[in-house]
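What follows is a set of notes on a single structure, which appears directly below.
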Amino acid sequence: QLQLVESGGGLVQPGGSLRLSCAASGRSFDYYVIGWFRQAPGKERSAVSCISSSGTYSNYADFVKSRFSISRDNAKTTVYLQMNSLQPEDTAVYYCAAVARDESIVACQNIPRYEYDYWGRGTQVTVSS
């Protein structure tokens, strides 16, 4: 069992930055792939980024590449999403999710959303002037 809590969201002006955190409690955090997803009003939840259990591998959706950076600290059981050059279209609720996967077998970007077992409640990110 794993519990996930997101934090770090808020209101930011276009071009600004935020760092989201996903704090996990439970056992064997370093067995889990962590994904970040977002959902804007009236839209489906979509993948933003993911990171393998060791942190060696990561992947980004095309719409955030070069702007966002994912990292993890397994000693602190926390994953971070650094978001730079934020734009109004980045406004959404951001969720982190976890699934136990061997990084030598499957790349995190190939794990469909429905396979993630544990989800946080989300943190709101609003980009507006």
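No experiment lies behind these values; they were computed from the predicted model shown.
- Donor-acceptor pairing under 3.5 Å is recorded for the side chains of Gln3 and Ser25.
- For Ser53 (side chain) and Val33 (main-chain N/O), no donor-acceptor pair under 3.5 Å exists by modelled atom type.
- A donor-acceptor pair shorter than 3.5 Å cannot be found between the side chains of Gln82 and Ser71.
- Considering every non-hydrogen atom in both Ile70 and Tyr60, the closest pair reads N-OH, 2.8 Å.
- Figure legend: cation-pi geometry between Arg72 and Phe29, with NZ or CZ positioned under 6.0 Å from the six-membered ring centre and within 45° of its axis.
- Between Ala98 and Leu2, the shortest heavy-atom distance links the atoms CB-CD2, 3.6 Å.
- For the pair Thr91 (side chain) and Pro88 (backbone), a donor-acceptor distance under 3.5 Å is present.
- In plain terms, the two heavy atoms of Tyr32 and Arg27 that are nearest each other are CE1-O, 3.7 Å.
- Residues Thr123 and Ser7 form no side-chain contact, since every pair of their non-hydrogen atoms from C-beta on lies 4.5 Å or further apart.
- Residues satisfying the side-chain hydrogen bond (donor to acceptor under 3.5 Å, both in side chains) test with Arg38, not counting sequence neighbours, are Asp90, Tyr94.
- In this structure, the side-chain contact (heavy atoms from CB on, under 4.5 Å) partners of Ala23, at least two apart in sequence or on a different chain, are Thr78.
- Annotation: the span from Ile105 atom CD1 to Asn110 atom CG amounts to 13.0 Å, rounded to 0.5 Å.
- The minimum heavy-atom distance linking Thr56 with Ser52 is given by the pair N-OG, 3.3 Å.
- Counting heavy atoms from C-beta outward, Tyr31 and Asp102 have side chains that stay 4.5 Å or more apart.
- No single ILVMFWY cluster, assembled from side-chain heavy atoms under 4.5 Å apart, contains both Leu4 and Ile111.
- Side chain to side chain, Ser128 and Thr126 fail the donor-acceptor criterion of an N or O pair below 3.5 Å.
- With Arg45 contributing its side chain and Gln39 its backbone, the two residues share no donor-acceptor pair below 3.5 Å.
- Side-chain contact between Arg121 and Val93: absent, with no pair of heavy atoms (C-beta onward) separated by less than 4.5 Å.
- Across all non-hydrogen atoms, the minimal contact from Phe63 to Ala47 is CZ-O, 3.6 Å.
- In this structure the side chain of Tyr80 never reaches within 4.5 angstrom of the side chain of Cys96, judged on heavy atoms.
- Two rings, from Phe37 and Trp119, have their centers less than 6.0 Å apart.
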